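Remember, predicted model here, so these are calculated numbers, not experimental data. Order of the sequence lines fixes the chain letters, A, B, ..., with proteins taken first and strands second; residue numbering starts at 1 for each chain. These numbers come from the heavy atoms of this one structure, side chains and all, not from hydrogens, waters or symmetry mates.
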Number of protein chains: 2
Amino acid sequence: MRRKVLDVAEVAFQARGYHASSLGDLMTAAGVSGGALHHHFPTKKALALAVIDERVAAAIKETWIAPVRQAASAREGVRQVFEAVAAELERQGFVRGCPLNNLAHELSLADPEFRIALAGIFAAWRQAIADKIRADQQEGREQGTDPEHFALVAVAAYSGAMSMAKTEQHAGPLRDCLAAFERSAAQAQSSQGDPGARRRRRVLRRFGGT
Amino acid sequence: MRRKVLDVAEVAFQARGYHASSLGDLMTAAGVSGGALHHHFPTKKALALAVIDERVAAAIKETWIAPVRQAASAREGVRQVFEAVAAELERQGFVRGCPLNNLAHELSLADPEFRIALAGIFAAWRQAIADKIRADQQEGREQGTDPEHFALVAVAAYSGAMSMAKTEQHAGPLRDCLAAFERSAAQAQSSQGDPGARRRRRVLRRFGGT
DNA sequence: TTATAAACAGGATGATCAACCTGTTTTGGA
DNA sequence: TCCAAAACAGGTTGATCATCCTGTTTATAA
């Protein structure tokens with residue numbers, strides 16, 4: 001019952017937003033009485049916090065954190081996620097937007113508890129990518145890359161591209177962002193002829209080695 | 001009177017969002033009677049459309065489009081805007097987020113008219129940056145850059161970084177994004193040792209020149 | 001079996017909302 | 001000066017909202 005309410009609330013908050021989703025709507029959609037809902041979630045805010053902590057965080061983990069960890073490298077992981085999300089949007093023919101960003105925009109300024117919960121998910125998201133960059137570096141790749149900067153730009157570009165994709169109802173921005181990312185990756189690879197980068201890599205391989 | 005209502009609505013929609021701002025709040029804040037408000041804006045939706053068309057579009061023009069056009073180059077313009085916005089946020093000590101993105105997330109799926117109005121602003125924003133890249137190219141710069149890709153990534157990175165800045169209530173993400181951008185620009189410049197790029201530049205300078 | 005609490009039902013409540021409507025005032029042109 | 005239209009006032013309406021309250025059922029453990 002609690003699970004069903006969370007299912008319905010997750011979908012409704014994602015599709016219509018927090019304020020536009022009334023508890024009456026959720027009760028009807030979930031087939032739940034007011035008493036039951038009030039028992040599990042005394043207030044609407046409590047319900048939203050549960051959705052954020054249990055569902056939105058899980059969505060980021062499944063969509064982003066796990067694939068990036070499993071990928072051959074951070075760049076390859078980011079590329080795969082962009083590709084997978086764009087493909088899924090094209091398959092669905094509809095863009096609902098990023099669950100985290102959708103709620104972050106509506107609720108970050110509404111209540112400090114919302115804001116902190118949402119900020120924590122952003123932080124975990126970025127850290128997973130930065131950690132992957134650091135792992136790459138320990139294996140000799142990505143010597144000139146700042147892990148935090150890379151993670152921030154990846155998350156920011158994804159979030160912003162998804163914003164536009166949602167507004168335009170088209171996966172194009174995600175595709176273009178992916179294309180730009182791949183082009184810059186190719187450029188970075190070709191510019192490894194940069195003498196500074198090559199020297200730095202040798203040094204770090206010797207000093208930071210296994 | 002109409003102007004005062006728009007002023008108040010712009011601030012309220014930005015700070016609390018569309019659904020969380022009641023017409024009663026706006027009437028009180030603007031010192032306007034219900035009849036006056038209903039006279040100028042028959043429905044709440046009409047008011048929101050006016051805010052989008054007249055205020056949000058103007059904000060993007062002032063903050064982004066005009067500075068980019070006036071800048072020495074597209075990259076320099078983007079850099080300046082990031083710098084100016086980050087400095088302003090640090091001065092205010094509070095992050096309200098990007099007006100366009102705030103409304104885009106809340107309203108894009110709520111109503112097709114909202115969505116189309118918002119998508120138009122995004123398109124104009126991107127086109128101004130892409131046009132500046134093309135102008136740069138006619139002057140011999142940015143030969144290897146795709147104008148649309150560059151514009152999309154700039155807007156996406158800004159939007160996403162601002163999302164995080166709003167959620168974290170800190171300008172850090174904007175600063176980090178700017179730092180990553182400047183680093184990649186330096187890298188791109190150093191990799192202009194790429195023989196193809198150098199040759200292309202000479203050719204275009206001769207052909208497209210003044 | 002019985003005691004106890006959790007889970008749930010269904011409705012009541014007061015507040016708030018957007019929209020609307022009927023008058024009154026102000027403005028601008030003839 | 002006169003008239004018509006725009007601008008505005010102030011209150012009403014019916015709907016909807018989140019919350020809460022009183023019972024009833026179900027599960028758990030002694």
ring-ring contact (aromatic ring centres under 6.0 Å, His included) against B:F13, all qualifying residues, sequence neighbours excluded: B:Y18
Using heavy atoms to find the nearest nucleotide of DNA chain D for A:Y18 and B:G35 separately, return the residue whose nucleotide is more 5′. B:G35
Give a yes or no on whether A:K61 atom NZ has more than 12 heavy-atom contacts from other residues, nucleotides or ligands under 6.0 Å away. no
Identify, residue by residue, the members of residues 36-47 of chain A with a heavy atom below 4.0 Å from DNA chain D, and return them in order of residue number, or none. A:H38, A:T43, A:K44
Residue list, salt bridge (Lys or Arg N to Asp or Glu O under 4.0 Å) with A:R175, at least two apart or on another chain: A:E83, A:E90
Per the ring-ring contact (aromatic ring centres under 6.0 Å, His included) rule, what does the pair list look like for residues 37-60 of chain A, sequence neighbours excluded? none
State which residue, out of A:L47, A:I121, A:L100, fulfils the side-chain contact (heavy atoms from CB on, under 4.5 Å) condition with A:I52. A:I121
Ring-ring centroid check A:H105 B:H105, cutoff 6.0 Å: yes
Please find the earliest and latest nucleotides of DNA chain D, in the 5' to 3' direction, that have an atom within less than 4.0 Å of any heavy atom of chain A. D:dC17 to D:dC20
Taking only residues two or more places apart in sequence or in another chain, which ones pass salt bridge (Lys or Arg N to Asp or Glu O under 4.0 Å) with B:R69? none
Between B:T28 and B:D25, do the side chains contain an N or O donor and an N or O acceptor separated by less than 3.5 Å? no
When the distance from CE of A:M27 to P of C:dG11 is rounded to whole Å, what number comes out? 10 Å
